[in-house]
There are 2 protein chains.
Amino acid sequence: MVTAVEIEKKTISVIIIEDFKLTRVGLRCALNSNPDIEVVAESDNAVDGLELIKRYNPNIVLMDLGLAGMNGIEATLKVKEINKDIKVIALTSHDREEEVIAALSSGAMAYCLKDIDPSKLADVIRDVVEGVCWLDPLVARKVLDAFPKQETIGILKDKSSEEGRVPLTEREYEVLKHLVDGKSNTEIAKELIVSVHTAKAHVCSILQKMCVNDRVQAAVKAVKEGLV
Amino acid sequence: MVTAVEIEKKTISVIIIEDFKLTRVGLRCALNSNPDIEVVAESDNAVDGLELIKRYNPNIVLMDLGLAGMNGIEATLKVKEINKDIKVIALTSHDREEEVIAALSSGAMAYCLKDIDPSKLADVIRDVVEGVCWLDPLVARKVLDAFPKQETIGILKDKSSEEGRVPLTEREYEVLKHLVDGKSNTEIAKELIVSVHTAKAHVCSILQKMCVNDRVQAAVKAVKEGLV
DNA sequence: CGTAATATTAGCCACCTTTCTGATATTTAA
DNA sequence: TTAAATATCAGAAAGGTGGCTAATATTACG
């Protein structure tokens, strides 16, 4: 691994998509005062913005989420279709949690509120170009809490918290898998090449061990706890 | 809103929990060379580390995830029990995606690989103290892609992409919720104060609209897609 | 070797589910 | 206002589900 220090500082090209003219101007001024950052184009709407992105192929897109017409989420998806390497930073003035999550899962790498310090924004841009994910303090924890919890359980259950729970046998896990696929006892029996009676017996003991009343609850619990 | 510039630069206190002595020393040296960061304690295991955290109440905990005994995920949970304001930065040498997600949903605010540039780590610490979420480039996109997608759909369906998918009616969503709870048609009917026939009719159309064959598949699909 | 756990099969019964056909009232949108 | 979508109710047929008891291999562990 070479760690030579001949880094040629490349300019980071930025396109701004933002409907408020004043904000746009403010962003451009703030960013262009950094020698390594250059705002190459701007648009007040997503459609034109996407055209600019195709033309300029920038490193970074600053995307306002509260656009009229095509919103920032859709636009972010489309940016990713144009070139997956273009990094999108989502910008808004508010902090609607669902919007943040939607933006991130659509391909945005960062989420900033508009009252971010200009020099901080420049830092964020430099980070994001490298692939860093950066979330504004006002939303960070809320967003992280939205993560599915079963992963955590998965990691923890290796070492501890094995007590109290009745484990399913191998065979029962097989049956559970089919059950979650929505297979009937008859179908499960065919898959496992056993009689329907056997399949039923397994399902019965699965229900008991999982402390549920029917196969729907078993399936839902299995999915939620990541048992399958 | 006052934006006076009398910011008194406070020192950021850091505790390091990391089993490799060399890495620990390296981290301490690298961080203590920053005037605004002070490593106040270190531990090579989670149990002692938690005691130190109780005693020193630091701003930041650098947590190695690959600890023997109690792992970093559990330890992170416990740090949050001690004081929710203490920010945990997860550190590892590899990039197991599940581990990252587990760490973040357990309360970590950032995820760094151990080969991070020391000055960059200092920057991350300063960001994280402010509540920023920071994810290493090597895992950022993978982690963001792990987000539940229904939020995105939710935002988008307001404006566009109404095609292709048959949406459930309000009433059908109510029924679906009970269905996922494992309720029988009879029970659903009682809950909604309608006849069993009606409940059945709703379930029928839910199954058709969701393109599944039985209620188990409907329930599993609903859970997986976050429709409930 | 023998005991315990697991896997297998069987029959029975009350109840539930899914699909079908068909009907009526209410609400919504064109 | 008319047409379409939605919610409601009904009966019946075919098959599936869950709980019960009971018996027989197979496997694993001390």
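Predicted, not measured: the structure shown is a model, and the values here were computed from it. Just so it is clear: chains get the letters A, B, ... in the order the sequence lines come, proteins before strands, and each one is counted from 1.
- A side-chain donor-acceptor contact under 3.5 Å links B:Asn57 and B:Asn83.
- With sequence neighbours excluded, no residue forms a salt bridge (charged side-chain N to carboxylate O under 4.0 Å, His left out) with A:Glu38.
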Practice problem: Begin from the C-alpha positions of B:Lys209 and B:Thr169 and carry the test side-chain contact (heavy atoms from CB on, under 4.5 Å) through to its verdict. | Solution: CA-CA 10 Å; B:Lys209 285 183 181 175; B:Thr169 67; 3.8 Å; yes

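- Remark: B:Lys177 does not engage B:Glu174 in a salt bridge, criterion side-chain N to carboxylate O under 4.0 Å.
- With a heavy-atom cut-off of 4.0 Å to chain A, the contacted part of DNA chain C has its first and last nucleotide at C:dT6 to C:dC12.
- Under the side-chain hydrogen bond (donor to acceptor under 3.5 Å, both in side chains) rule, A:Glu18 has a single partner from A:Arg28, A:Lys114, A:Arg24, which is A:Lys114.
- Using a 4.5 Å heavy-atom cutoff, the side chains of A:Ser184 and B:Asp214 are not in contact.
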Quiz item: For every nucleotide of nucleotides 6-18 of chain D, 5' to 3': is a protein heavy atom under 4.0 Å from its base (B), only from its sugar-phosphate (S), or from neither (-)?
Solution: SSSBBBB---SSB

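- Checked by atom type and distance alone, the side chain of B:Asp181 never pairs as donor or acceptor with a backbone atom of B:Lys183 at under 3.5 Å.
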